[in-house]
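Encoded as structure tokens, the structure appears first; notes follow it.
It should be emphasised that the depicted structure is a prediction, and the values quoted were computed from it without experimental measurement.
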Amino acid sequence: MASSHRSSPVPQGSSSDGFFKKEVDPAKHIRPVQSLPDVCPQEPTGDSNSLCVAPSLVTDQHRWTVYHSKVNLPAALNDPTLAKRESDFFTKTWGLDFVDTEVIPSFYLPQISKEHFIAYQQEISQREKIHERCKNICPPKDTFDRTLLHIHDKSRTDLEQVPKIFMKPDFALDDSLTFNSVLPWSHFNTAGGKGNRDAASSKLLQEKLSHYLDIVEVNIAHQISLRSEAFFHAMTSQHELQDYLKKTSQAVKMLRDKIAQIDKVMCEGSLHVLRLALTRNNCVKVYSKLKLMATVHQTQPTVQVLLSTSEFVGALDLIATTQEVLQQELQGIHSFRHLGSQLCELEKLIDKMMIAEFSTYSRSDLNRPLDGDCQVLEEERLVSLVFGLLKQRKLNFLEIYGEEMITTAKNIIKERVINKVSQIEEIDTDVVVKLADQMRMLNFPQWIDLLKDIFSKFTVFLQRVKATLNIIHSVVLSVLDKNQRTRELEEISQQRSAVKDTSLDTEVAYLTHEGLFISDAFGEGELTPAAVDTTSQRNTSPNSEPCSSDSVSEPECTDSSSSKEQTPASAAPGGLDSVVGEDMRLNDLELGKLATNIQDLLCSASDICHDRAVKFLMSRAKDGFLEKLNSTEFIALSRLVETFIMDTEQICGKKSTSLLGALQSQASKFVSRFHEERRTKLSLLLDNERWKQADVPAEFQDLVDSIADGKIALPEKKPAATEERKPAEVLIVEGHQYAVVGTVLLLIRIILEYCQCVDNIPSVTTDMLTRLTDLLKYFNSRSCQLVLGAGALQVVGLKTITTKNLALSSRCLQLIVHYIPVIRAHFEARLPPKQWSMLRHFDHITKDYHDHIAEISAKLVAIMDSLFDKLLSKYEVKAPVPSPCFRNICKQMTKMHEAIFDLLPEEQTQMLFLRINASYKLHLKKQLSHLNVINDGGPQNGLVTADVAFYTGNLQALKGLKDLDLNMAEIWEQKR
């Protein structure tokens, strides 16, 4: 098969692949599929043989050829490490591991047959016919090219004779260098006798140039002859083309006439109506724009009018609206180029005016007469100011209000003191210049009246502050609520718009020759409300274009201008809802923080009042005035302060601690002085007590009776009828008689004063409990020193401590022990549970008192024991009967009985005499054992029995001892 200089577009198969390629004559060249010839075919260059062998850079630059190969396959597979070369081709070139095996067909590749190419053959059959027809029309290009190349080589040889300077693209004879190169001046120089030679040279040059011209003309004629067929074909088709153009022109003319008729009949009127509608809309927009400009032009005078009436919110809204209009709808208008900066400066001026106005309002509101009127002063003015300050983010107005509160609180105290001092004639203001010194000259009733007046004014002051802050708080909460509702509405509108966007179909807007959309010509009535809202939002957004005749419709501009005109009226502070309707610059976090600061400011107002009250108290306490108050006066002061603290807590919702702390400090000093006075008084009473039974006045009996009724308090003094009641000998407590000394009566009264002080001043409960337990301990220890320790002998001058003194002391202690549980219950009801551990002091005191009572009983028994030891040691068993010893014993027992029977209860008397009797039997038994007297029925036994019988009879004859079991048989020793 002959090879071609071109690569075949399909693989060249063997003779067996006849299905893939038609059989052709081997003598003919196999050529690729050729397209129709160009009008001006490319000029062949070079040798045709070389074109057949070498690759063409033009045709084969994007196709791989063997010239791209760098290393052949045997060289790549040859192993240079082998010791010798094998004779087998595969092992020599592919290596020793090569094994000639049968290639197994792949399971993944289908078996290809002729049926797979039937569809392809049917598809390209028509193309193949066209291709064969084209080959018959056009001569083979390679033969034609060889002829052309042969002729071209000859032409190239001729053209090489022409100098290269004539072939340059920038060849021009007006250039001196080029002219000298083409026509040297040496050929035209006739001087020096060389005229004939120069003429011959000139003629030769002329012939040479003529030869060059002939060569060029021949080549041009040759090129024209090469394209003669195209020229003749163009000339032949020129007449046909003119006829076709004439017919086309006539068809176009007829079509234009028809279109003109259709345009005149069907479109011209409608388009004219649309143009008129657009013109009308544009005129309306221009009118609206001018009207809007006129409205904006009146902004500054309107703002001045609003500021003259303190309509700050309306002025700010008007400025904000005007700035928005300038940025969106009037942007780029030359006459308004300075209006924006002027409005910004005006807004800053309004900020300063609002702050000054709020300061003036706060001063006038807080400094008006405190006559009990708690109404807000000019509520609408306050709402307007607060909303304007919030709109401008001027949140420091609360600090201004706080400073005014401090100043007002100082002035309230100063005015009250001046007013009170001026009403007292005893104070000479010329001599005492300082106001604090004048205040210290007031006595307690005058001073407490002044303090009460100050507290009442402070209460009214706090109520006014609360009312004002409530208005401010309501404005803040309304703005916060409005922001939340606006956010919810925006979310709902976004959801609705998303639904509408998905449901709306896409519409085509036709463009007229004037560049306007036909949809712009429709009126507002044909637009849906949703579309109008969407357009309005688009045009009023910050990034929208300025309002123009091509982008904004009439209703939008009209509504925007009318809304701008009505803004000042709607923003007037006639009500809270109308004011909150505008956009705010504060977010929810800032508004919530501001609301918290308002509540803190109210608590701060309470703290300010309490701090000023503390300074007032401390100023009066410098000379020790408060420490010198009696319990009634201090209780009155304490109740007044506590009432004021509760009132302020009810108003502000927070309990201030400064005044309470000052009161507790003074209460601690009062308790210390209170306790020292009572302790000193008790000490004086004990030091002067002679330990004799005292009569009980009726008021003390009433005091005890009131305690029995569960009321631990000092009874009120009764009228003169009470004075006619005679004192009683004993104190009756719950049916029991107590013989007491006068000190104990006063001690009970002192204890009740402690309890009543706790009721009147609850804050000193723990301190009072500690002081009361100290007082009870002091009474116990001091009475023990005076009676048991016989201290009364030196202090009072008693000759001796009698059994009556001891019994009376024991009965007094029992009375105190009786009231300790009552006192404990009283304090337990007033102590918080976490402080109940302090009640254990009462248990310790009760134990100490019982120990003291037991020591007194032991002392009484010890007195009789020493008497028995003295008398019975001299006892002799002899006549007369009864013996003098037993007579003395019975006499002393009778005296003991007479001394204690009226003081101690019968049960205690019996128990005491049983212990005395036991001591008596012990000493008698010891003496009888010493005398060797036994129970043998002898004379001595009879005498002892008679004496013992006398003793027993006398003892049982005493009052209350009749049934006393003496068991006198124990005096005899048992027989061994």
Does K246 offer a backbone N or O that forms a donor-acceptor pair with the side chain of S249 under 3.5 Å?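 Judged by distance alone, no pair lies under 3.5 Å.
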Determine whether a donor-acceptor pair (N or O, by modelled atom type, separation under 3.5 Å) exists between the side chain of S270 and the backbone of C267.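 Not confirmed, S270 side chain does not pair with C267 backbone.
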Considering residues, nucleotides and ligands other than [X], do more than 12 of their heavy atoms fall under 6.0 Å from its [atom1]?
X	atom1	result
H272	NE2	no
Y287	OH	no
R337	CZ	yes
Q206	CD	no

Can you confirm whether [X] sits close enough to [Y] that some side-chain heavy atom of one is under 4.5 Å from a side-chain heavy atom of the other?
X	Y	answer
N219	V216	no
M167	L159	yes
R256	I259	no
L183	L209	yes
H116	P110	no
L343	L326	yes

Return the minimal non-hydrogen interatomic distance between [X] and [Y], and the atom names on each side.
X	Y	answer
F179	L173	CB-O, 3.4 Å
I165	F171	O-CD1, 3.3 Å
L318	T322	O-OG1, 2.6 Å

- Just how far is it from atom CD1 of I130 to atom CD of E128, taken to the nearest 0.5 Å?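 Atom-to-atom, I130:CD1 and E128:CD are 11.0 Å apart.
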| Going through the distances and angles, do H297 and S335 end up as a side chain to side chain contact (heavy atoms under 4.5 Å, CB included)? | CA-CA 10 Å; H297 184 66; S335 60; over 6 Å; no
